[in-house]
2 protein chains.
Amino acid sequence: MKKEIITLKKLAQILELSTSTVSRALNDHQDISEATRKRVKNLAQSMHYVPNIFARGFRKHKTNIIGVIVPNITHYFTTTIVRGILEEAKLKGYRVIISESNNDTAKQTEMLNTMIQFGVDGILVSLTKMTKDIDTVLQTLNKCPLILFDKVSNKIPCTQVTINDEEAAYSAIEHLINIGKKRIAIIKEREFSYTSEKRYAGYLKALKDHNIEIDEKIIISVDDISTQQGKRMTNHLLSIKKKPDAIFAITDSSAVGVIQTLKKFNIKIPEEIAVVGFSNSRFSTIIEPNLTTVDQPGETIGKNAVKYLIEEIENTTDTISNKMIEIKGTLIIRDSTFKV
Amino acid sequence: MKKEIITLKKLAQILELSTSTVSRALNDHQDISEATRKRVKNLAQSMHYVPNIFARGFRKHKTNIIGVIVPNITHYFTTTIVRGILEEAKLKGYRVIISESNNDTAKQTEMLNTMIQFGVDGILVSLTKMTKDIDTVLQTLNKCPLILFDKVSNKIPCTQVTINDEEAAYSAIEHLINIGKKRIAIIKEREFSYTSEKRYAGYLKALKDHNIEIDEKIIISVDDISTQQGKRMTNHLLSIKKKPDAIFAITDSSAVGVIQTLKKFNIKIPEEIAVVGFSNSRFSTIIEPNLTTVDQPGETIGKNAVKYLIEEIENTTDTISNKMIEIKGTLIIRDSTFKV
DNA sequence: TATTTTTATGCAAACGTTTGCGGGAACGTT
DNA sequence: AACGTTCCCGCAAACGTTTGCATAAAAATA
């Protein structure tokens, strides 16, 4: 079952060199002659030598592992980000360990701790909903390079990678206006959600820029933005006197709820009420009518996140950078808003 | 930026004990007195001591990391398994590193190699589609505990965790028969897919048991079971003389394609043609009519997979076990097959 | 009291790698 | 000939933990 394991020492023995020379040769250290470097590398290759990661990590205090924490690994958008992370990390020679916080702040801090204990070189985190525990994040911030992605927070001074939520939302609303909608409702999350707030800002700005009245009655906030809530809130929106002629659901899954209940009441989409979501998730082309939504290039986000993280890891100066990276999302127009 | 790091030695110094005693106390070694054990543990706790994983792994040749390889991390069902894996692993004190093979056999073997080089304690793999490279898997099999889940293969002698595909498919078909269907088509993958073959077997058995003729013309095999293919194949099925009155799509995403094209031709579902899928993915309640499908408890699969893996890791004897674990999936009946 | 046994602890080596330092050989410079 | 450089390479220590072995103290036995 066990294969004999070859070490630097063994190589050195065979080559009649010291382990240090062998080590240096393998690491392309400058004061090793070309001749011996070749000799060493050849033998190493032919004997399938692989350095013992743990000895090395132990010695160099570097693990080449980055930790990732996401609220819910089950979300399609999250998985596309993860895919990007995995790909880029692999490219750069890093391994990735993933944890799921389940939107539980306590779990999140625990994971943060476990990870730095474990000795990851850096951490990528997408925050839980109610991240009032900024403290733990701040703490880990000066123990270990950390950058935020997707669910970020402006209260944490570190680099963050997101969609250009505000602009994307702006263009979505502008599109609704362009097709003639004048009373546009929004279903968003409460204040705790940075992403939601950004999209909300885009909503407000678009309305203002087009001189459309802002009516609090059709600005709906929910704690948990789900299909269920989408349904409930549309029911509510349909019960008020001046019904909206469009609904911007901050999220595809809630948009699904919106569409489903509109259909239940035989309301024509988009003629009577248009709907737009956000994410371009799988179901946007399955629900009928197909959902207008903004596509978020998850892989790009993931790749950028690790790119900046590794930059920070390998940057020896102790300054924590805090760039704000915005990846462009693009509006995809489908039947739920088509101009009739 | 760097916090002082506390080691066994420091603890020992403070406590005026030797490092060995401290180490043993922390590890609940038997010949440490209760008193000092307490003393040590208390201090360790209050000083937030955490063992250096790399020193330990280096010393003990144990990493407490398990590797996971999946073909596509983007599939909802896969993510539910991953969730189960993460949860169970955390519970048992293991960390998880994940890689995505993208259904690329070469990548898969590369990942297998990287992982054992890296020193994971065990590997969990869901095979790529065309796994003709059984060899690499077999090789890693005697370097490192490995168990298969979801996409498995009977050609690899190790323990495997899957859905009870055959029985589940059987019950799905039986359900179709019960609602009066007599000409049931199946859209499946080609022979390379173990899972698909199992479901196909269930299909055949159900038909046989109910004395229904088996017609090759409505047994469709495709290379890549997707929504696209679902559409194409329904088009094909609708073109033959004796049309089916039900379609069993081996997979939800292909079932979506089936339903979409049936609707395009205004064929009544389920009256004219009933549809059943497999997976209970998100879209089964979004597509209309809602899809009858079999629910696969992904988390349970994930948990079981790590359970058996850890069992094997911690089992000192060198025998490779090869249990076949089947987790029960359950048929969920929705509108796409409702008896009228 | 003398002895063995038990209990609790310390010593020191080992794991495989990297790296600061030191030094011999070869070469070039005065 | 004496000196300074440059080029290669080896020695040995260090990283933090675990663990076999030794041993002192305490307890039990004779």
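Order of the sequence lines fixes the chain letters, A, B, ..., with proteins taken first and strands second; residue numbering starts at 1 for each chain.
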Of D:dG10, C:dT19, D:dT19, the nucleotide closest to the side chain of A:Lys60 is C:dT19
On DNA chain C, more 5' by nearest nucleotide between B:Leu17 and B:Ala55 is B:Leu17
**A:Tyr49 vs C:dG16: side-chain N/O to OP1/OP2 distance below 4.0 Å** = no
| message | Would you say B:Thr7 places a side-chain N or O within less than 4.0 Å of OP1 or OP2 belonging to D:dG16? | response | no
Contact under 4.0 Å: B:Ser20 side-chain N or O vs C:dC11 OP1/OP2 | no
Taken to the nearest whole Å, CZ/B:Arg37 to C1'/C:dT7 is 13 Å
(Q) Tell me whether the side-chain N/O atoms of A:Thr36 come closer than 4.0 Å to OP1 or OP2 in D:dC9. (A) yes
Rounded to whole Å, CG of B:Asn52 lies from C1' of C:dC15 at a distance of 13 Å
For A:Phe149 and A:Ala305, the nearest pair of non-hydrogen atoms, with its separation, is CB-CB, 4.3 Å
- prompt: Between A:Asp121 and A:Asn64, is there a donor-acceptor pair closer than 3.5 Å when you use the side chain of the first and the backbone of the second?
  reply: yes
When rounded to whole Å, the NE2 to P distance for the pair A:His29 and D:dC8 reads 12 Å
_B:Glu299 (side chain) donor-acceptor with B:Arg83 (main chain) under 3.5 angstrom_ = no
From the candidates C:dT9, D:dG16, C:dC21, the one with an atom nearest any side-chain atom of B:Ser33 is C:dT9
Taken to the nearest whole Å, CD1/B:Ile53 to P/D:dC15 is 19 Å
Sorted by chain and number, sequence neighbours left out, side chain to side chain donor-acceptor pair (under 3.5 Å) with B:Glu314 holds for B:Tyr94
Check your understanding: What nucleic acid atoms does B:Glu16 come within less than 4.0 Å of, heavy atoms only: base, sugar-phosphate, or nothing?
Key -> sugar-phosphate
**Asked** If you draw a 6.0 Å radius around NZ in A:Lys62, do more than 12 non-hydrogen atoms from other residues or ligands fall strictly inside?
**Response** yes
Among the nucleotides C:dA8, D:dC9, D:dC21, whichever has the atom closest to the side chain of B:Asp31 is C:dA8
note: B:Arg24, atom CZ; C:dC11, atom P; distance rounded to Å ~ 12 Å
On DNA chain C, more 5' by nearest nucleotide between B:His61 and B:Gln30 is B:Gln30
So, is B:Ser18 near the phosphate of C:dG10, with a side-chain N or O under 4.0 Å from OP1 or OP2? yes
A:Arg39 atom CZ is separated from D:dC9 atom C1', nearest whole Å, by 12 Å
From the candidates D:dC15, C:dC11, D:dC9, the one with an atom nearest any side-chain atom of A:Phe58 is D:dC15
Between NZ of B:Lys9 and C1' of D:dC15 the distance, given in whole Å, is 8 Å
Separation of C:dT17 atom C1' from A:Asn27 atom CG, nearest Å, is 9 Å
